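Note on naming: letters A, B, ... go to the chains in the order of the sequence lines (proteins, then strands), and numbering restarts at 1 for each one. Nothing here was measured: the structure is a model prediction, and the numbers come from that model.
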Number of protein chains: 2
Amino acid sequence: MKSATAPKSPKISFKQHMLQAREEAIVQTVNRLLAEKGFDAMTVDEVAQGVGIAKASLYKHFPSKEDLAAAAMVRVLHRTQAHLQTLPAADAPLDKLKATVRWAMEVQLAGEMPSLPSQNSSLRAKLMENAAYLEALVQVSDQLGGWIEAAQKAGQINPQLPAIAVLYTLFARACDPVPGFLQASGQYSDTEIVDWVLGICFEGLNSR
Amino acid sequence: MKSATAPKSPKISFKQHMLQAREEAIVQTVNRLLAEKGFDAMTVDEVAQGVGIAKASLYKHFPSKEDLAAAAMVRVLHRTQAHLQTLPAADAPLDKLKATVRWAMEVQLAGEMPSLPSQNSSLRAKLMENAAYLEALVQVSDQLGGWIEAAQKAGQINPQLPAIAVLYTLFARACDPVPGFLQASGQYSDTEIVDWVLGICFEGLNSR
DNA sequence: GTCTATACTAGGATAGAC
DNA sequence: GTCTATCCTAGTATAGAC
């Protein structure tokens with residue numbers, strides 16, 4: 001699948017490397033700001049200031065604010081894919097799902113989980129046009145979806161639930177406001193919070 | 001607690017009634033728009049157009065966009081209080097909590113649950129200055145909190161969880177994106193969706 | 001591809017007549 | 001308390017020089 005480009009000259013490679021590094025710095029800043037304040041409250045001026053370049057330079061790399069957000073979402077989806085691949089293949093599907101939700105909540109509590117409004121329509125439209133975003137999203141969804149169905153067949157996850165409902169529930173844990181509120185109360189450690197919310201997610205609120 | 005006003009003259013009463021009706025119409029429109037598009041995407045122009053009055057007239061009733069949102073939140077909290085009082089006192093605390101979450105999800109699926117960004121700081125600041133909002137919020141929280149602790153003592157809700165974590169989890173169900181996504185897929189009835197999400201909330205994703 | 005400076009618009013809020 | 005007309009800030013995006 002790799003394109004048959006000519007052997008890379010050092011100069012071009014160096015330039016490309018610089019370019020990539022700059023863009024990575026931009027996306028990292030966007031990611032942080034999206035996690036801190038969300039899409040609407042984040043301004044392009046803040047991003048430029050955070051990266052340390054002029055706003056017009058930003059627009060040479062990304063044609064719109066929506067594309068900045070999309071890039072941050074692609075980045076976190078790629079981080080997710082990388083996490084998924086660290087999970088031992090021998091683990092039970094349920095354990096992999098739990099580990100993934102745990103990881104996502106830790107990312108969120110670390111202030112590194114970008115959050116987009118689930119309502120903003122112009123943003124959603126742009127995301128749905130973004131091939132890189134869609135591909136990463138589908139790939140993560142397929143991976144998780146496979147584990148969900150396996151866990152349901154194994155009787156570990158309630159087989160009466162549609163798999164899509166389970167998938168949405170897991171995705172929703174990644175942007176759940178509850179961990180953040182508990183963290184903001186200042187009374188509990190991140191470890192406690194993650195354990196509780198993870199328990200609530202899989203075991204429910206009820207006593208067993 | 002009623003103020004000792006002079007016996008109301010018909011004229012004043014009528015005027016006041018008109019005023020209240022107009023404000024109720026405003027808040028109802030705000031409520032709908034907040035449910036549809038959220039605080040940031042809602043514009044004051046839309047509200048004015050929805051009510052059928054000029055924007056400047058809106059500002060005679062409510063001094064800012066944030067105050068509009070606060071009024072909608074107070075309205076939904078009052079609706080919640082009214083719902084809480086319909087619950088039979090004889091019911092077990094756990095059943096009352098379940099019925100309340102079910103009710104909130106039905107309101108949400110009906111497009112009547114206003115949603116505010118949990119991040120917007122200027123909005124949160126204004127809300128925290130709003131006495132009516134705070135009072136209603138505290139009253140609802142106290143009511144639910146009491147039931148939560150009772151259910152934990154009765155061994156119906158996991159007593160190892162801090163009550164505040166349970167409370168936040170229940171509040172979060174009222175603005176959970178999962179029911180809306182399932183509804184948007186068009187494959188399931190509202191009844192199914194509510195049953196599933198309610199089950200996930202209390203029983204968890206796992207099989208029992 | 002970086003900068004400074006600026007265009008353009010949306011949208012919250014207000015002035016002032018009635 | 002309602003209206004029309006307007007103000008003004010914030011914020012996305014771009015022009016044009018280097």
Side-chain angles (χ1 to χ4, degrees), chain A residues 11-27 29-30 33-34 36-72 116-117 119-127 129, chain B residues 11-27 29-30 33-34 36-72 116-117 119-127 129:
Chain A
K11 256 189 187 170
I12 289 186
S13 172
F14 178 72
K15 269 191 187 174
Q16 287 180 340
H17 187 272
M18 291 303 292
L19 188 78
Q20 273 193 333
R22 164 69 39 109
E23 298 204 341
E24 169 62 17
I26 293 172
V27 179
T29 300
V30 172
L33 288 170
L34 283 181
E36 272 176 26
K37 22 202 329 184
F39 180 78
D40 291 298
M42 175 185 84
T43 72
V44 179
D45 293 81
E46 282 172 331
V47 178
Q49 188 176 2
V51 181
I53 63 176
K55 185 163 53 165
S57 305
L58 264 190
Y59 278 95
K60 298 284 182 180
H61 292 276
F62 298 92
S64 75
K65 183 185 177 183
E66 283 79 9
D67 287 284
L68 285 172
L116 302 185
Q119 298 160 320
N120 186 322
S121 45
S122 88
L123 174 58
R124 294 207 78 75
K126 282 251 182 152
L127 280 179
E129 292 169 5
Chain B
K11 259 189 186 170
I12 290 187
S13 172
F14 179 73
K15 269 190 186 172
Q16 287 179 341
H17 186 270
M18 292 302 293
L19 188 78
Q20 272 194 334
R22 165 69 37 108
E23 299 205 338
E24 169 61 17
I26 294 172
V27 179
T29 300
V30 171
L33 288 170
L34 284 181
E36 271 176 26
K37 20 202 331 183
F39 180 78
D40 291 299
M42 177 186 84
T43 71
V44 178
D45 293 82
E46 281 173 331
V47 177
Q49 189 175 3
V51 181
I53 63 177
K55 183 161 58 163
S57 306
L58 264 190
Y59 278 95
K60 298 285 181 178
H61 292 275
F62 299 92
S64 74
K65 184 185 178 185
E66 283 80 9
D67 288 284
L68 285 171
L116 303 185
Q119 297 162 321
N120 186 322
S121 45
S122 88
L123 175 58
R124 293 207 78 74
K126 282 250 183 154
L127 279 179
E129 292 168 5

- Message: Applying salt bridge (charged side-chain N to carboxylate O under 4.0 Å, His left out) as the test, list every pair that has at least one member in residues 52-70 of chain B; sequence neighbours left out.
- Response: B/D45-B/K55, B/D67-B/K126
- Message: At 4.0 Å (heavy atoms only), tell me whether B/M42 reaches a base, stays on the sugar-phosphate, or touches nothing.
- Response: sugar-phosphate
- Message: The criterion is side chain to side chain contact (heavy atoms under 4.5 Å, CB included); which residues satisfy it with B/E129, sequence neighbours excluded?
- Response: none
- Message: Nearest whole Å is fine: how far is D/dA10 C1' from A/D45 CG?
- Response: 9 Å
- Task: Take A/I26 and A/I53, measure what side-chain contact (heavy atoms from CB on, under 4.5 Å) needs, and give me the verdict at the end.
- Result: CA-CA 9 Å; A/I26 293 172; A/I53 63 176; 4.3 Å; yes
- Task: State, to 0.1 Å, how close B/L34 and B/A72 come at their nearest heavy-atom pair, and which atoms those are.
- Result: CD1-CB, 3.9 Å
- Partners meeting side chain to side chain contact (heavy atoms under 4.5 Å, CB included) with B/Q49 (sequence neighbours left out): none
- Set of side chain to side chain contact (heavy atoms under 4.5 Å, CB included) partners for A/A71, sequence neighbours left out: A/V27, A/F62
- Can you check side-chain contact (heavy atoms from CB on, under 4.5 Å) on A/L19 and A/R22, steps first, answer last? CA-CA 5 Å; A/L19 188 78; A/R22 164 69 39 109; 5.8 Å; no
- Query: With distance as the sole test, does A/E23 use its side chain to make a donor-acceptor pair with the main-chain N or O of A/Q20 at under 3.5 Å?
  - Reply: no
- Item | Between D/dT12 (P) and B/D40 (CG): distance, integer Å | 12 Å
- Query: Reading DNA chain C 5' to 3', which nucleotide is the first, and which the last, to come under 4.0 Å of any heavy atom in chain B?
  - Reply: C/dG11 to C/dA15
- Task: Within residues 53-62 of chain A, find the residues that approach DNA chain C with a heavy atom at under 4.0 Å, and present them sorted by residue number.
- Result: A/I53, A/A54, A/A56, A/S57, A/K60, A/H61
- Starting from P on D/dT4, measure out to CD on B/Q49 and report it in whole angstrom. 13 Å
